Amino acid sequence: MEREIQKHLSKVCIEVAKENGWPNSPEVMVSYPKEKRFGDYSTNVAFLWGKAMKLPPREVAQKVVERVDHPDIEIIRVDGPGFINLTMSLGWWHKGLREVLSQKEGYGSSSLGRGERVQVEFVSANPTGPLHIGHARGAAVGDTLSRLLEKAGYSVEREYYVNDGGLQMRILGQSLLARCKEVMGVPVEFPEDGYKGGYIVELAKKALQELPDVMDLPEDEAAAKLSRWGAEEILNGIKEDLELFNVDFDNWFSEASLYESGAVEEAVRELERKGLIYEAEDALWFASSRFGDDKDRVVRRSGGAYTYLAADIAYHRNKAERGFTKLIDVWGADHHGYIPRVRAALEALGYDPEILKVLLIQLVNLLRQGKPVAMTTRGGQFVTLREVVEEVGKDAVRFMLLTRKCDAHLDFDLELAKEQSEENPVFYVQYAHARICSIRRTAEERGMSLPEDWERVDLSPLTLEEEKEIIKKLTAFTGMIEGAARSLEPHRITYYLHELAALFHGYYNRNRVLLDDEGLRNARLALSEGVAIVLREGLRLLGVSAPTSM
RNA sequence: GCGCCUGUAGCUCAGUAGGAUAGAGCAGCGGACUUCUAAUCCGCUGGUCGGGGGUUCGAAUCCUCCCAGGCGCGCCA
């Protein structure tokens, strides 16, 4: 809706520019004034334009206002130092609600992305242990961001990068081997840097059953076999956990495949051809500092093995080759030092480094009764994602993890989350939806006939100020989606939904929907239906359910 | 030492592309169910936006310098 106003004003500005011989105006932005007395929409274009031309903003605003001619604009005037404020007709808002009712769950979709191909890579936890609560945040953010971008018109592919190559796999194999021996009663010294979690013991027991002759192999082979088998087992567990958490991936990309296909070697060779690789101290270095990195980085160790970075270079090269125009990596904030390296590599390989957007997720501080819980995968002391979801519930966990911007630290207190589970904002939003469904059920119970076609309900009985406010909020949904998609800020959805739910709860407490007056009743039912549609769609983006009763 | 992130009400956090008198939730106090779900609503209380300077019609937002906290600066991943 505000889009239409924005277009109209832009058109007017072009006319005004032509008429007065002015340069074209800056982009017109329509916003919602905080105070009602200023009207429904507002723009500050006169300030920006006036500044560019060194003319008083009020004068510029006046010229624009005189030219505006739109049937749904009831009042337009210049306020304060030069704001242009608009008040819309009732019919305009009724039209807005009708749009929601006719587009249903498609409402809020936008063509902002124009089908641009975007890849979102997230979670990407090593297959050396189950997902813990720290991974949950990245999972929730990455998944909702993907849904959000799709809603905003991008063509999105979700990918999980499986770190199944290199050192960690060896450690996994050795850890499993040691536990297998223990289970068999063979005294053994557990590897110092091995994974100490209890899940390794469980896995070892299972391995002895499923791979009965593994212990007959020479140690190296046994460890390698256990490593491969274990990684697959763990990865399957991860997939189950993610499913439980309502997170889907289109693609599972194996790091090992980059070595097997020679992609890593090839990427390094290409850098070499460009003269960006040199040898020093028996190692191969990538001259990343020529592209803004602090210093050069080793890509092949003196022992001959490639570094993790080398694989990452090959991986990002592969992504770019697949034709994505935007690559979004969701990383833990402790990896931030990696950004300049990967960007440097992309640039060195001839790609625009700006196609890579990295979303840094600050770590979750897991607390239990106010006390921090130490969490290390190797130490084996952690609370798994599965445990938290089982304790607190998928909906509440997802919602809570999405109510903060990603670059802010997040305290997640298990006891508090459980205790507060009835005070959790997620229930507030879900309750609004359940309430609307309940109104409908009651109407049916009372034998009131529901409108067959919501689109055709006469909305003119909706004349209350608060009804208009609700519709205004509904019509702001699309703009919110676009803003959140543009800035990669999925948390905006949770705040929007909370505000919409609050408007509806207030309205519900002050007004009755199921009245004898059929016209008014149906109009209010239609309004409720509109709210339900947007709540449902917003919750879907969050991966949270919209219950019909609570 | 260098780099990234954070600092807003007692607590946890928003603040939508620099806009108009800075907002929610929780906590606290007081009210609202014979009427569509009280997991709700209504009212009150609560602020040197970490601090100083700067940019301009206008700054929580941009620049700069400090202060505090987190993270990172490996031939680990």
Side-chain angles (χ1 to χ4, degrees), chain A residues 27 29 31-35 37-38 42 44 47-48 50-51 56-58 79-83 85 126 128 163 165-168 171 193 255 280-285 294-295 297-303 305-309 311-312 332-340 360 362-363 365 403-411 413 416 420-425 427-428 430-432 434-443 445-446 448 476 479-480 482-484 486-487 489 491-492 494-496 498-499 501-502 504-515 521 524-525 528 549-550:
Chain A
E27 199 187 342
M29 276 184 316
S31 63
Y32 296 88
K34 267 177 278 185
E35 277 191 73
R37 68 189 166 99
F38 292 135
S42 175
N44 64 350
F47 289 105
L48 307 175
K51 191 172 207 163
R58 281 196 68 100
D79 279 317
F83 292 100
N85 291 324
N126 300 331
T128 55
N163 294 122
L167 185 65
Q168 302 188 80
I171 296 173
D193 55 357
E255 180 194 1
E281 299 163 54
D282 289 332
L284 285 188
W285 297 71
D294 293 343
K295 49 186 166 189
R297 309 289 171 178
V298 170
V299 287
R300 207 179 71 197
R301 296 191 281 261
S302 46
Y306 287 105
T307 60
Y308 181 80
L309 176 64
D312 235 3
D334 51 342
H335 286 65
H336 73 255
Y338 234 71
I339 301 173
L360 292 174
Q362 288 294 335
L363 298 179
N365 298 318
T403 42
R404 302 185 151 81
K405 40 181 194 223
C406 335
D407 44 15
H409 299 263
L410 168 56
D411 289 341
D413 193 310
L416 216 64
Q420 279 192 345
S421 63
E422 303 232 327
E423 304 264 338
N424 195 298
F427 294 102
Y428 185 84
Q430 289 180 318
Y431 186 50
R435 230 175 191 178
I436 293 168
C437 296
S438 169
I439 296 172
R440 281 255 287 280
R441 277 194 300 273
T442 306
E445 278 164 27
R446 292 184 187 173
M448 295 168 166
M480 183 280 295
E482 289 180 347
R486 211 192 323 261
S487 56
E489 290 180 343
H491 75 277
R492 290 192 198 184
T494 59
Y495 283 89
Y496 171 86
H498 193 273
E499 285 161 12
F504 185 79
H505 282 312
Y507 175 68
Y508 175 91
N509 272 272
R510 278 184 297 270
N511 304 281
R512 304 196 61 73
V513 174
L514 301 180
L515 301 162
R521 182 175 76 221
R524 289 187 172 176
L525 278 166
S528 307
S549 69
M550 287 174 75

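Small disclaimer: the values here were computed from a predicted structure and weren't measured.
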Any A:R435 side-chain N or O less than 4.0 Å from OP1/OP2 of B:A38: yes
Residue-phosphate contact under 4.0 Å: A:T442 side-chain N/O, B:U37 OP1/OP2: yes
Interatomic distance, A:D334 CG vs B:G74 C1' [rounded to whole Å]: 15 Å
Which residues share a side-chain hydrogen bond (donor to acceptor under 3.5 Å, both in side chains) with A:R297, sequence neighbours left out: A:D293
Using a cutoff of under 3.5 Å, can you pull out all pairs of nitrogen or oxygen atoms linking the protein to nucleotides 28-35 of chain B, with atom names and distances?
unit_1, atom_1, unit_2, atom_2, d
B:U35, O2', A:R512, NH2, 2.9

Under-4.0 Å side-chain N/O to phosphate OP1/OP2 contact, A:K405 with B:C5: no
Phosphate-side-chain proximity, A:R510 and B:C42, N/O vs OP1/OP2 below 4.0 Å: yes
Pairwise P distance, B:U34 and B:C13 [rounded to whole Å]: 40 Å
Side-chain donor/acceptor contact of A:H335 with base of B:G72 under 3.5 Å: no
Among B:A77, B:C71, B:U37, the nucleotide that comes nearest once only the side chain of A:R441 is considered: B:U37
Nearest-Å distance for atom pair OH/C1', residues A:Y508 and B:U40: 8 Å
Rounded distance in Å - CG (A:L525) to C1' (B:C36): 9 Å
Of the listed nucleotides B:G15, B:C75, B:G70, the one nearest the side chain of A:A283: B:C75
Partners meeting side chain to side chain contact (heavy atoms under 4.5 Å, CB included) with A:L514 (sequence neighbours left out): A:I439, A:T442, A:A443, A:R446, A:M448, A:R521, A:L525
Distance-only side-chain donor-acceptor flag, A:S549 / A:R441, under 3.5 Å: no
Any residue meeting salt bridge (Lys or Arg N to Asp or Glu O under 4.0 Å) with A:R440, in chain and number order, not counting sequence neighbours: A:E529
A:E255 side-chain proximity, nearest of B:A77, B:C5, B:A39: B:A77
Nucleotide of B:G72, B:C5, B:C73 approaching A:H409 most closely (side-chain heavy atoms): B:C5
Comparing A:L410 and A:Y431 on RNA chain B - which has the more 5′ nearest nucleotide: A:L410
Closest listed nucleotide, where the reference is the side chain of A:F427 and the choices are B:C75, B:A39, B:A14: B:A39
For atom CG of A:D282 and atom C1' of B:C75, their distance in whole Å: 10 Å
Under 4.0 angstrom between A:R301 side-chain N/O and B:C76 OP1 or OP2: yes
5′-ward residue of the pair A:D407/A:R297 relative to RNA chain B: A:D407
Contact letters for nucleotides 17-24 of chain B, in which S counts primed atoms plus P, OP1 and OP2 and B counts the base, heavy atoms under 4.0 Å: B-BBB--S
Donor-acceptor pair present, A:S302 side chain and B:C75 base, under 3.5 Å: yes
Spacing of the C1' atoms in B:A22 and B:C41 (rounded, Å): 25 Å
Mutual orientation of the aromatic rings belonging to A:F504 and A:Y508 [parallel < 30°, tilted 30-60°, perpendicular > 60°]: tilted
Partner residues of A:N511 under the side-chain hydrogen bond (donor to acceptor under 3.5 Å, both in side chains) criterion, sequence neighbours left out: A:E466
Touch class at under 4.0 angstrom, heavy-atom based, for A:A305 against every strand present: nothing
Ring geometry between A:F47 and A:F83 (parallel below 30°, tilted from 30 to 60°, perpendicular above 60°): perpendicular
Touch class at under 4.0 angstrom, heavy-atom based, for A:D294 against every strand present: nothing
Value in whole Å for how far the P atom of B:C42 lies from CZ of A:F504: 13 Å
C1' atoms of B:C11 and B:G18, separation to the nearest Å: 30 Å
